[in-house]
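Structure first, commentary second.
To find a chain, count down the sequence lines: A is the first, B the second, and so on, and within it residues start at 1.
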Protein chains: 2
Amino acid sequence: MLTAERTDRYDLWMPVPRGSTIDPARTRAAILEAATRVLYERGLDGIGVAELCTRVGVSKETLYRHFGTKDGLVDAVLRARSDRVTNWLAAAAAAAGDDPSDQLAAVFDALQRWYDEPAFRGCAMLNAAAQHHVDAVRTLTARHLDRYLELLTGIAARAGAVDPSGLSRQLLMLVEGATVVAAHHDPAGAATAARQAALTLLSAAARPGRQD
Amino acid sequence: MLTAERTDRYDLWMPVPRGSTIDPARTRAAILEAATRVLYERGLDGIGVAELCTRVGVSKETLYRHFGTKDGLVDAVLRARSDRVTNWLAAAAAAAGDDPSDQLAAVFDALQRWYDEPAFRGCAMLNAAAQHHVDAVRTLTARHLDRYLELLTGIAARAGAVDPSGLSRQLLMLVEGATVVAAHHDPAGAATAARQAALTLLSAAARPGRQD
DNA sequence: AAGAGATCGAACCGATCGGTACGACCTGAG
DNA sequence: CTCAGGTCGTACCGATCGGTTCGATCTCTT
């Protein structure tokens, strides 16, 4: 197993450099990566453990030894996903230079690239929280939004906003709202429209005057 | 059955004016109303038909005769929910007078009252679409967003926005984003913050100048 | 009084669920 | 070579799922 010829599986272990075929840590990472995609595509409760193991390419015993429970796997998947997405957005902002407006625009440009992917199915954290009425999942989702908020608050503060945390909350709504609209209505240009709105809010907050 | 003493049930048939206790249409309406609450609280797949019947207060045979299938019940529930919410928001806007800004503010004020309810658990349509990967549900959700968009486009047009449909899409993102933030992060003042952002966008779009 | 129909409650069905157990295989370490 | 252990494939478990069936009960209509 863990070789590379199959059609109905994700071949994430391809770059294995030969040798040490049985490496528990690598097996765990491969399960995590493949399960992330499958669970995102099908929904947490939309696929059973048996079929999930087939798609991932491991036996049930292996999956259960590494993650103990389906909920344990879901928890690990969501944590990894939250980390990855947050780092990806922060990197996009950082790569845009020092101008806070440019950084904010870069965040939405990154989101638009995500929306345009054929596999895009909305925010995995929100989908999970909407399905699984488990406290652990809801807590992870809230923490995920906290991380977004932290990123946006930094941008708002550097832009000289009068109320950085208030503004960042509005920007967070644009981020999540754009994701919802892209997932459930029309992904074309969703983040681009949200970007324009975000920049309008940013400039209005940085140059306080009449806004309400 | 359909009398009024139970503790773990929703007593929606109380205003029955005596007589004609067995009225299929009324039974169907009662199931629909109670199932709407229970499915919203527990999630579409979070409760089985057996327990759902107990909570609703009907037998399985009755439920299946009226709705044929659990999916049939879900479909009917979501359609009714979409109608109700849309009409409720439109009424809130209409009651605010003729000023488009006042109408927009009234929409968000209504949303804030919703977020403040203890039973608030996010947008039922989005939750359903995130859970049930069935085309019928996703279609209903898209239509639901279309209705929101129609309401917001009317307001944007009456406000004299340069690009009413573009603005209304941004406003829709604020509506949905505020709902997401309220459901998964913090409901306090979510719609109020979104309202301020919406009015900023509205005035910027109605009085075009530098906005990006 | 009698029949039609709506409802109940409980038993029942096959399918699927999450999770466990076991024998066989293979690999790397000593 | 031998052994420990990661993995596979399959069978299996009890629970729950959506859905069906049936006899008893109740109400309205005629």
Side-chain angles (χ1 to χ4, degrees), chain A residues 1-6 8-9 13 16-32 34-35 38-39 42-77 131-134, chain B residues 1-6 8-9 13 16-32 34-35 38-39 42-77 131-134:
Chain A
M1 195 42 55
L2 295 192
T3 52
E5 58 284 0
R6 283 300 185 87
D8 57 338
R9 296 183 178 175
W13 39 73
V16 171
R18 301 309 303 152
S20 103
T21 304
I22 294 184
D23 178 346
R26 194 178 300 270
T27 300
R28 188 191 146 98
I31 295 174
L32 202 57
V38 176
L39 289 175
R42 298 277 296 269
L44 301 187
D45 294 328
I47 187 172
V49 174
E51 186 185 352
L52 190 135
C53 286
T54 301
R55 296 281 296 267
V56 169
V58 296
S59 67
K60 293 178 77 173
E61 180 166 0
T62 298
L63 186 144
Y64 275 103
R65 179 151 28 78
H66 280 292
F67 297 96
T69 284
K70 189 185 183 184
D71 282 342
L73 172 64
V74 166
D75 189 87
V77 161
Q131 296 166 40
H132 243 271
H133 278 209
V134 182
Chain B
M1 198 37 62
L2 294 192
T3 52
E5 59 284 359
R6 282 301 185 88
D8 57 339
R9 295 183 180 177
W13 38 75
V16 172
R18 299 308 304 151
S20 103
T21 304
I22 294 185
D23 178 345
R26 194 178 301 271
T27 301
R28 188 191 146 97
I31 295 174
L32 203 57
V38 175
L39 289 175
R42 297 278 297 269
L44 301 188
D45 295 327
I47 188 172
V49 174
E51 186 185 353
L52 190 134
C53 285
T54 302
R55 296 279 296 266
V56 168
V58 297
S59 66
K60 293 177 78 173
E61 179 165 4
T62 299
L63 186 142
Y64 276 103
R65 178 151 31 76
H66 281 291
F67 297 96
T69 284
K70 190 185 182 184
D71 282 341
L73 173 65
V74 166
D75 189 86
V77 161
Q131 296 166 43
H132 243 272
H133 276 210
V134 182

Legend entry - A:A35 versus A:V56, closest heavy-atom pair with distance: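 So the minimum-distance heavy-atom pair works out to N-CG2, 3.9 Å.
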Legend entry - Closest heavy-atom pair and its distance - A:D45, A:Q131: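 Smallest interatomic distance, heavy atoms only, reads N-OE1, 3.7 Å.
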Rounded to whole angstroms, how far apart are [atom1] on [X] and [atom2] on [N]?
{"X": "A:R26", "N": "D:dT7", "atom1": "CZ", "atom2": "P", "result": "12 Å"}
{"X": "A:E51", "N": "D:dT10", "atom1": "CD", "atom2": "C1'", "result": "18 Å"}
{"X": "B:I47", "N": "D:dC17", "atom1": "CD1", "atom2": "P", "result": "9 Å"}
{"X": "B:H132", "N": "D:dG18", "atom1": "NE2", "atom2": "C1'", "result": "11 Å"}
{"X": "A:L52", "N": "C:dG18", "atom1": "CG", "atom2": "P", "result": "9 Å"}

Taking only nitrogen or oxygen atoms into account, show me every contact under 3.5 Å that the protein makes with nucleotides 19-25 of chain D, one pair per line with its distance.
from, atom 1, to, atom 2, distance (Å)
D:dG19, OP2, B:Y64, OH, 3.1
D:dG19, OP2, B:K70, N, 2.7
D:dG19, N7, B:K60, NZ, 2.6
D:dG19, O6, B:K60, NZ, 2.3
D:dC22, N4, B:E61, OE1, 2.2

Phosphate oxygens OP1/OP2 of [N]: is one of them under 4.0 Å from a side-chain N or O of [X]?
{"X": "B:H66", "N": "C:dT7", "answer": "yes"}
{"X": "B:S59", "N": "C:dA10", "answer": "no"}
{"X": "B:T27", "N": "C:dT7", "answer": "yes"}

Legend entry - A:L73 side chain near A:L52 side chain, heavy-atom distance below 4.5 Å: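 A:L73 reaches A:L52 side chain to side chain.
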Inset, instruction - Answer whether the closest heavy-atom distance between the side chains of B:F67 and B:V74 falls below 4.5 Å. - result: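 Answer no - side chains too far apart.
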Legend entry - Axis deviation across the helix from C:dA1-D:dT30 to C:dG30-D:dC1, five-pair ends, to the nearest 10°: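 End-to-end axis angle: 10°.
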Once you round to the nearest 0.5 Å, how far does [atom1] of [X] lie from [atom2] of [Y]?
{"X": "A:K70", "Y": "A:L63", "atom1": "NZ", "atom2": "CG", "answer": "10.0 Å"}
{"X": "A:E61", "Y": "A:C53", "atom1": "CD", "atom2": "SG", "answer": "11.0 Å"}
{"X": "B:H132", "Y": "B:D71", "atom1": "NE2", "atom2": "CG", "answer": "5.0 Å"}

Inset, instruction - Quick one: do B:I31 and B:R28 satisfy side chain to side chain contact (heavy atoms under 4.5 Å, CB included)? Show the steps, please. - result: CA-CA 5 Å; B:I31 295 174; B:R28 188 191 146 97; 5.7 Å; no
Inset, instruction - Using salt bridge (Lys or Arg N to Asp or Glu O under 4.0 Å) as the criterion, list what pairs up with A:E51, not counting sequence neighbours. - result: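 Partners of A:E51 under the salt bridge (Lys or Arg N to Asp or Glu O under 4.0 Å) test: A:R42.
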